[in-house]
Protein chains: 2
Amino acid sequence: MSSVVEPGIVPVRPTPVAARRSVSMGDVARLAGVSAQTVSRVANGAANVDAATREKVLNAMRELGYRPNSAARSLKRGAFHSIGVIVFALSTYGSSRTLDGLAQAASAAGYSLTLMPVEGSNTPDNVNRAFAALAEQAVDGVIIEIEAHRMDEVEIVIPEWMPVVVIASRERSDRPAIDADQATGARLVMEHLFELGHTRIAHVAGPADAYSAIQRELGWHGALEARGLEPAQMVRGDWTPESGYEIGCRLAARPDELPTAIFAANDQMALGLMRALHEHGVDVPSRVSVAGFDDMPESANFWPPLTTIRQDFTGLGVRSVATLLDEMSRPHPRPGFEVVPVELVVRASTARALF
Amino acid sequence: MSSVVEPGIVPVRPTPVAARRSVSMGDVARLAGVSAQTVSRVANGAANVDAATREKVLNAMRELGYRPNSAARSLKRGAFHSIGVIVFALSTYGSSRTLDGLAQAASAAGYSLTLMPVEGSNTPDNVNRAFAALAEQAVDGVIIEIEAHRMDEVEIVIPEWMPVVVIASRERSDRPAIDADQATGARLVMEHLFELGHTRIAHVAGPADAYSAIQRELGWHGALEARGLEPAQMVRGDWTPESGYEIGCRLAARPDELPTAIFAANDQMALGLMRALHEHGVDVPSRVSVAGFDDMPESANFWPPLTTIRQDFTGLGVRSVATLLDEMSRPHPRPGFEVVPVELVVRASTARALF
DNA sequence: TCGAAAAATGTTTACGCAAACATTGCGTGA
DNA sequence: TCACGCAATGTTTGCGTAAACATTTTTCGA
């Protein structure tokens, strides 16, 4: 059960600086010898302003170094032109790339991004706290990217008036969600391995509470099932290269049970896995093929270069922003699930199965 | 010469949504049977409110789902409780980790982060544009992180009233700057290699327009000079693993000129470099030692695990935010240069020189 | 040349909040 | 008992902007 977040009780510390008073429209108007409204019109590019007047006002603006006050503007217009982003951590490759995509897309649409990191772990409580903080911030909508397997309506309370788009987590029926096509990605990897003649294919999965981890795992399992093959080992890591390394050591410790191919749920774990295999004298790919998921910039230069799934993080960002803008334009949420295509990148870490 | 950015002429597109009118203090006050001012006092945690009254108001807030309007609050108080961040790209490991550190620190201090990506390349023009956009956004101060070698006063115009902290770029005398201790990092790597008996040490440098690239390069050169050693090859890459790979291929093509150790300016290039060496049958570290800079999460699982410099990105973020808050509290900028310590991490990619 | 329409510009007002000042009511000590 | 002080609460005001409406000036056809 999640605790109730008190509405707006947090005491805001007083501004330390003696607010350096800035230039207002009135100042510009006085200097230009016009009314404040005319200044406003010039500032907003209204058409019905005489060219000479506009020039006068622009000069006054320059002279005084006028900058529109976005707080006043937002107050008046009821919109902030800013998108809030709730992220769990930027430490993983995928999340920072996605954020980059979001930033580009938002900037192109004339919006800025307000970051709201989830503190500690991504428990519903902490996410709700981030939401509360963001609700009081100046945002017109929110994009949630917390890699959570479950985003249950009961646990994570989204204010109904707030336009929201969810990334990398589908389990909500009330809001639109977007994600890379995890299922297809996993299937592409498996089909590639099948074509190379592999039948004993293990899986190094991600944490059970990560949505994408579950999707990839299901993809692995489903592909085997569809061919009537017995699933080989399935071991769960935590996305880090270290967990991949440990799992690799454990697998290599029993050479007789070693599969001919391993599908790791991300590139980092694949990297650790390959190091473990190297250390144990298991050659990749001649003895064991390894495939990953993400296509980090490093993956092409792993040893050996890694076969993996390339995700279109920029596309994901663009689609998310577009969907959020659409959400903001309609009175009610339009739930749905949108998928961004992925691509198989074949490199040297996978090879034909020997036996 | 940099173009002048027009003040606030960009037409702001009208809000598409029929602004969902939200609950104001007046609404709460009416329901609770008190004045709006009392609601304000409760919302801001003022002490002089009767317990019973406070409870009444809190109940009314909950019932109506009241959220403070931050635009009005900012307008009234002249502060936004938000920090702007100008980043060039989040695609590199260091920049996204630093951003993560900034986000944590800002959040802890009660500030949110407003992201302003620099579009295209990080030319002074584009940076100025980002600044102009940010100046109109609702921020109390700005942290600049654009990895620029030069941040000349003439080219990048920082509004004098705006509190600013610069990361990873020192060449300004008018604002405080913070960076990881690049020079010491480079020295630590070199001393480590010297201890292993290396004297022919090449350097794979970063792009000439990156401040940290220059610092590391100077560190490499200076350490050699201090020992009276002849610098071996110096080749410039662009931070990417691919550039490291290409350089590695070029180096390996002339085995007779091959140095006994290579210091790469970041881990990614070191990775590409090592792949090239593997492919050309040059063993790391027995034939050539390789060291990097950054300590990415992957580096411990490269093959071989990479000796490198660990940067304290979180510390960098914390220090930057603290310095910015300090800047915000004083009427005039306090220029200075602060350095965050780094740490040498010795792994398997470096070994005693054979000859 | 006149008058109506259109264009340019000005005036009023309200957005939601909180500082500053004003008022009420209550308890305390002489 | 009353005057005083102080805590609790109310009223007024203005932050900078832009919508709505009002007024002035210009344009142009008959």
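No hydrogens, no waters, no symmetry mates; every other heavy atom, side chains included, goes into these values. Below, read A as the first sequence line, B as the second, and so on, with proteins coming before strands; counting in each chain starts at 1.
Look at NZ on B/Lys76: it is 7 Å from C1' on C/dC17, rounded to the nearest Å. One interatomic measurement links the two molecules: CZ of A/Arg30 to P of D/dG16, which rounds to 11 Å at whole-angstrom precision. Computed from coordinates, the A/Leu64 CG to D/dG16 P distance equals 14 Å when rounded to whole Å. C/dC15 atom C1' lies 14 Å from atom CE of B/Met25, rounded to whole Å. Rounded to whole angstrom, the span from the CZ atom of A/Arg77 across to the P atom of D/dC15 amounts to 21 Å. Here the P atom of nucleotide C/dA19 and the CG atom of B/Leu75 are 13 Å apart, to the nearest Å. Atom P of nucleotide D/dC15 and atom CG of B/Asn69 are separated by 18 Å, given to the nearest angstrom.
Distances shorter than 4.0 Å separate some side-chain N or O of A/Asn44 from OP1 or OP2 on D/dA18. Regarding contacts with the backbone of D/dA18, a side-chain N or O of A/Arg73 is found under 4.0 angstrom from either OP1 or OP2.
Taking CZ from A/Arg175 and CE from A/Met162, the interatomic distance works out to 9.0 Å, rounded to the nearest 0.5 Å. Remark: A/Leu115 CG to B/Ile83 CD1 distance equals 11.5 Å, nearest 0.5 Å. Expressed to the nearest 0.5 Å, how far CD of A/Gln104 lies from CG of A/Leu99 amounts to 10.0 Å.
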message: Let's go through B/Thr114 and A/Ser112 carefully: what are the C-alpha distance in whole Å and the side-chain angles of both, what is the deciding distance for side-chain hydrogen bond (donor to acceptor under 3.5 Å, both in side chains) to 0.1 Å, and is it a yes or a no?
response: CA-CA 7 Å; B/Thr114 296; A/Ser112 68; 5.2 Å; no

message: What verdict does the side chain to side chain contact (heavy atoms under 4.5 Å, CB included) test give for A/Ser95 and A/Val87, after you've listed the backbone C-alpha separation in whole Å, the side-chain angles of each residue and the deciding distance to 0.1 Å?
response: CA-CA 8 Å; A/Ser95 61; A/Val87 279; 5.5 Å; no

task: Report the C-alpha separation of B/Glu63 and B/Val23 in whole Å, then their side-chain angles, then the decisive distance to 0.1 Å, and conclude whether the side chain to side chain contact (heavy atoms under 4.5 Å, CB included) test is met.
output: CA-CA 11 Å; B/Glu63 183 167 338; B/Val23 183; over 6 Å; no

task: Kindly determine whether A/Ser320 and A/Thr323 satisfy side-chain hydrogen bond (donor to acceptor under 3.5 Å, both in side chains), including the steps that lead there.
output: CA-CA 5 Å; A/Ser320 302; A/Thr323 304; over 6 Å; no

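Checked against D/dT17, C/dA18, C/dC17, the side chain of B/Tyr66 finds its nearest nucleotide in C/dC17.
Salt bridge annotation for B/Arg62-B/Glu55: present, with a cationic side-chain nitrogen under 4.0 angstrom from a carboxylate oxygen.
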Output a table of nitrogen or oxygen pairs between the protein and nucleotides 7-11 of chain C separated by less than 3.5 Å.
{"unit_1": "C/dT9", "atom_1": "OP1", "unit_2": "A/Thr53", "atom_2": "OG1", "d": "2.3"}
{"unit_1": "C/dT9", "atom_1": "OP2", "unit_2": "A/Asp50", "atom_2": "N", "d": "2.8"}
{"unit_1": "C/dT9", "atom_1": "OP2", "unit_2": "A/Thr53", "atom_2": "OG1", "d": "3.3"}
{"unit_1": "C/dG10", "atom_1": "OP2", "unit_2": "A/Ser35", "atom_2": "N", "d": "2.8"}
{"unit_1": "C/dG10", "atom_1": "OP2", "unit_2": "A/Ser35", "atom_2": "OG", "d": "3.0"}
{"unit_1": "C/dG10", "atom_1": "OP2", "unit_2": "A/Thr38", "atom_2": "OG1", "d": "2.8"}
{"unit_1": "C/dG10", "atom_1": "N7", "unit_2": "A/Arg41", "atom_2": "NH2", "d": "2.8"}

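Taken together, the paired segments of DNA chain C that extend over three or more consecutive Watson-Crick or G-U pairs, each closer than 3.5 Å at both contacts, are C:1-30 with D:1-30.
Listed for the A/Asp140 side chain is a donor-acceptor partner under 3.5 Å among the backbone atoms of A/Ser82.
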